[in-house]
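Read through the structure below, which is laid out as C-alpha cells, and then see the notes.
Sequence lines set the chain letters: A, B, ... in the order given, protein chains first and strands last, and positions in each chain run from 1.
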Number of protein chains: 2
Amino acid sequence: MNARPSFRAQVLQAREDAIVDTVNRLLAEKGFDAMTVDLVAAEVGIAKASLYKHFASKEQLAAAAMVRVLDRALAFMAGPDCAGADALERLKAVARWTLQVQLAGQMPSLPAQNSTLRGALVADRVYMDRLLQLSEQLGEWIGEAQQGGQLHPGLPGEVVLYTLFARACDPVLGVLKAGGSYSDAQIIDWLLMSCFEGLGAPAARPRKGR
Amino acid sequence: MNARPSFRAQVLQAREDAIVDTVNRLLAEKGFDAMTVDLVAAEVGIAKASLYKHFASKEQLAAAAMVRVLDRALAFMAGPDCAGADALERLKAVARWTLQVQLAGQMPSLPAQNSTLRGALVADRVYMDRLLQLSEQLGEWIGEAQQGGQLHPGLPGEVVLYTLFARACDPVLGVLKAGGSYSDAQIIDWLLMSCFEGLGAPAARPRKGR
DNA sequence: GTCTATAAAGCGATAGAC
DNA sequence: GTCTATCGCTTTATAGAC
C-alpha cells in the first residue's frame with residue numbers, strides 16, 4: 001500500500017523474511033509434522049510468542065513458505081530460461097528447476113493427508129492466487145505442447161499437470177542423493193529422463209493403443 | 001514352529017490379523033503421523049492396553065502392516081500374472097498391481113522423513129527380509145529387461161527400482177481419484193503410461209544423448 | 001513486539017485389578 | 001490377555017510483564 005515504507009516496517013519485513021526462510025528450510029528437511037514451532041523460533045533466534053505475533057498459526061507459517069516458493073517458480077517461468085524456448089522445452093526447464101530447488105533443500109514437503117493444513121491453505125487467498133497463476137501458466141504451455149504434438153497423445157493435460165507437481169517433490173531424488181554415488185547433475189538428468197521419456201525403451205513404445 | 005497350533009493360538013492369530021488389517025487401512029487413509037493408537041484400538045474394538053500386548057509400539061504396528069503388503073506383493077510376483085510374461089511385462093504387471101492396491105485404499109503410506117520409524121523398520125528382521133526379497137526379485141527382472149533392450153538405455157537399474165517403489169504410492173493417483181471424473185481403470189492406464197512411456201511424445205524422444 | 005512462564009490438549013505407553 | 005485409569009511427555013498456543 002505505502003510506496004515509502006518506514007524503516008521500522010522494513011525491519012519487520014526483514015525479520016519475517018528470515019522466519020519464512022527458516023520455515024522453508026525446515027519444511028524441506030523434516031516435513032510439516034516433524035517441524036515444531038519451538039524449533040522454528042529457536043533457529044530464527046526469537047521467542048515463540050514473538051513468532052505468533054507475525055503468524056497466527058503453524059499452518060500460516062507453512063502457507064507463507066509455500067507462497068514464497070510459488071513466487072520463485074513464477075519468477076523463473078517469467079524469466080529468460082523460459083523465454084525463447086518452445087512449450088515442451090519450457091516444461092522441461094520448469095521440471096528441472098523444481099528438482100534443483102529440491103536438491104538444494106528448499107522444497108517444502110507438506111503431507112497431502114493433513115486436513116487441518118489443507119483447510120488453512122485453501123482458505124489462504126494469497127496461496128490460492130499463486131497456485132492458480134502457476135497452474136494456469138503451466139496449463140497454457142501444456143496445451144501448446146499438446147497441439148504441437150510434443151506430449152504423449154494418450155495423456156490428458158490434467159494428468160501431465162498433476163504429474164509435474166508430484167515430480168517436484170519426488171522422493172526418488174532424496175533416495176538417490178542419500179546414496180551418495182552420483183552427482184547432482186547426473187541425478188537430475190535421470191529424473192528428467194524418466195519423467196519425460198519413461199522407464200521403457202523407445203522401441204518398446206507402441207504406435208497405437210495397446 | 002508348532003505344526004498344530006492350539007485353538008487358542010489360532011484365535012490370537014486371527015485377532016492380530018484383524019489389528020494389522022485395521023492398521024493397514026488407517027495407514028493408507030491418514031498416514032503414519034495422523035494414525036493414533038487410540039483410533040486403532042477403537043476400530044479393532046479392543047482396549048489400547050490390549051493392543052500393546054500384541055505389538056510393542058506404534059512403529060511395530062506399522063512394520064507389521066508393511067510386512068503384510070510386502071508379502072502380498074511377493075505372492076503376486078510369484079503368481080500366474082507374472083509367470084509366462086517377459087521381464088518388462090512382469091514389471092508393468094507389478095506396477096499395475098501396486099496402483100490397484102493404492103486405489104483400494106490398502107497401500108500404507110509412511111513418511112520418509114520420520115527417523116524413529118525408519119530406525120524401527122530397519123531393525124525389524126522380518127520387514128527387512130521381505131524388502132530385500134522384493135528388491136532382489138525386481139532387480140533381477142530389471143536386469144533381464146535391460147539386457148533385452150526393453151528399458152530406457154540411459155537409466156541405471158537402481159533408478160528404475162526406486163522409481164517403481166515411488167510410483168507405488170504416487171500422490172497423483174489420489175488427486176485424480178478425488179477429482180471423480182475418471183474411472184479407476186482409466187486412471188491406472190494413464191499412470192502406467194506416464195511411468196513407462198513418459199510425458200513426452202514418442203517422436204520427441206531423441207535417438208542419441210542430447 | 002519481545003520476552004518468560006504457563007495453559008490446554010493430544011498422544012504414546014504403562015500400572016494394576018480381574 | 002483384557003480392561004479402566006492414568007502417567008509422562010510433547011506441542012500448539014496464549015497470558016501478562018516490560
Side-chain angles (χ1 to χ4, degrees), chain A residues 5-20 22-23 26-27 29-65 110-111 113-121 123-124, chain B residues 5-20 22-23 26-27 29-65 110-111 113-121 123-124:
Chain A
S6 67
F7 177 73
R8 182 173 191 80
Q10 288 184 34
V11 170
L12 285 187
Q13 184 60 43
R15 171 146 302 182
E16 293 202 352
D17 282 348
I19 294 173
V20 177
T22 300
V23 171
L26 289 178
L27 281 182
E29 250 178 52
K30 315 166 79 74
F32 181 78
D33 289 320
M35 179 189 79
T36 67
V37 180
D38 288 86
L39 182 58
V40 174
E43 299 238 336
V44 174
I46 62 177
K48 183 166 57 171
S50 305
L51 249 187
Y52 278 96
K53 295 288 183 179
H54 291 274
F55 299 91
S57 68
K58 185 184 178 185
E59 285 75 19
Q60 293 297 315
L61 283 174
L110 305 183
Q113 293 153 328
N114 187 325
S115 61
T116 307
L117 177 59
R118 275 199 71 82
L121 287 180
D124 188 305
Chain B
S6 67
F7 177 72
R8 183 172 189 82
Q10 289 184 33
V11 169
L12 285 188
Q13 184 59 43
R15 172 148 302 182
E16 292 200 354
D17 282 347
I19 293 172
V20 177
T22 301
V23 170
L26 289 177
L27 281 181
E29 250 177 53
K30 316 167 75 78
F32 181 79
D33 290 320
M35 179 189 78
T36 67
V37 180
D38 288 87
L39 183 57
V40 175
E43 300 237 335
V44 174
I46 61 177
K48 183 165 58 169
S50 305
L51 248 188
Y52 278 95
K53 295 290 183 178
H54 293 275
F55 299 91
S57 67
K58 184 183 178 184
E59 285 75 19
Q60 292 297 316
L61 283 173
L110 306 183
Q113 294 152 328
N114 187 326
S115 60
T116 306
L117 177 58
R118 275 198 72 83
L121 287 180
D124 188 305

| query | For the pair made of CD in A/Q60 and P in D/dT14, what is the distance, rounded to whole Å? | reply | 12 Å
| query | Rounding to a whole Å, what distance do you find between B/N114:CG and C/dG12:P? | reply | 12 Å
| note | CZ of B/F32 to CG of B/L117, rounded to nearest 0.5 Å, is 4.5 Å
| note | d(A/I46 CD1, A/K53 NZ) to nearest 0.5 Å is 12.0 Å
| query | Tell me: CG of B/L117 to C1' of C/dC11, nearest whole Å? | reply | 16 Å
| field | Whole-Å distance separating the CD atom of A/Q13 from the P atom of C/dG1 | value | 11 Å
| request: Within residues 34-42 of chain B, find the residues that approach DNA chain C with a heavy atom at under 4.0 Å, and present them sorted by residue number. | output: B/M35, B/T36, B/V37
| task | Run through A/L121, A/T116, A/D124 and flag the one making a side-chain contact (heavy atoms from CB on, under 4.5 Å) with A/E59. | result | A/T116
| Side-chain N or O of B/S50 less than 4.0 angstrom from OP1 or OP2 on D/dC3? | yes
| pair A/H54-A/L12: side-chain heavy atoms closer than 4.5 Å | yes
| task | Starting at atom CD1 of B/I46, determine the distance to atom C1' of D/dC3, rounded to an integer number of angstrom. | result | 11 Å
| field | Separation between OG of B/S57 and CD of B/Q60, rounded to the nearest 0.5 Å | value | 4.5 Å
| Given atom NE2 of A/H54 and atom C1' of C/dC3, what is their separation to the nearest angstrom? | 13 Å
| query | Which sits closer to the 5' end of DNA chain D, A/A49 or B/K53, going by the nucleotide each is nearest to? | reply | B/K53
| query | So what does A/K58 hit on the nucleic acid, given a heavy-atom distance under 4.0 Å: a base, only sugar-phosphate, or nothing? | reply | sugar-phosphate
| task | In whole angstrom, give the distance that lies between atom CG of A/L51 and atom P of C/dG1. | result | 14 Å
| Hey, what do you get for CG (B/L110) to CG (B/L27), rounding to the nearest 0.5 Å? | 6.0 Å
| For A/Y52 and D/dT14, is the shortest distance between a side-chain N/O and OP1 or OP2 below 4.0 Å? | no
| said: Using 0.5 Å steps for rounding, measure from the CG atom of B/D17 to the CZ atom of B/R15. | reply: 12.0 Å
| message | Could you tell me if the side chain of B/P111 sits less than 4.5 Å from the side chain of A/D33, heavy atoms only? | response | no
| task | Could you tell me the separation between the CD atom of A/Q113 and the CE atom of B/M35, rounded to the nearest 0.5 Å? | result | 11.5 Å
| message | Whole angstroms only, please: what is the NZ-C1' distance between A/K48 and C/dT4? | response | 12 Å
| Watson-Crick or G-U pairs under 3.5 Å in DNA chain C, rendered as dot-bracket with [ ] for crossing pairs and | for another strand | ||||||||||||||||||
| said: Taking only side-chain N and O atoms of A/R15, does any of them lie within less than 4.0 angstrom of OP1 or OP2 on C/dT2? | reply: yes
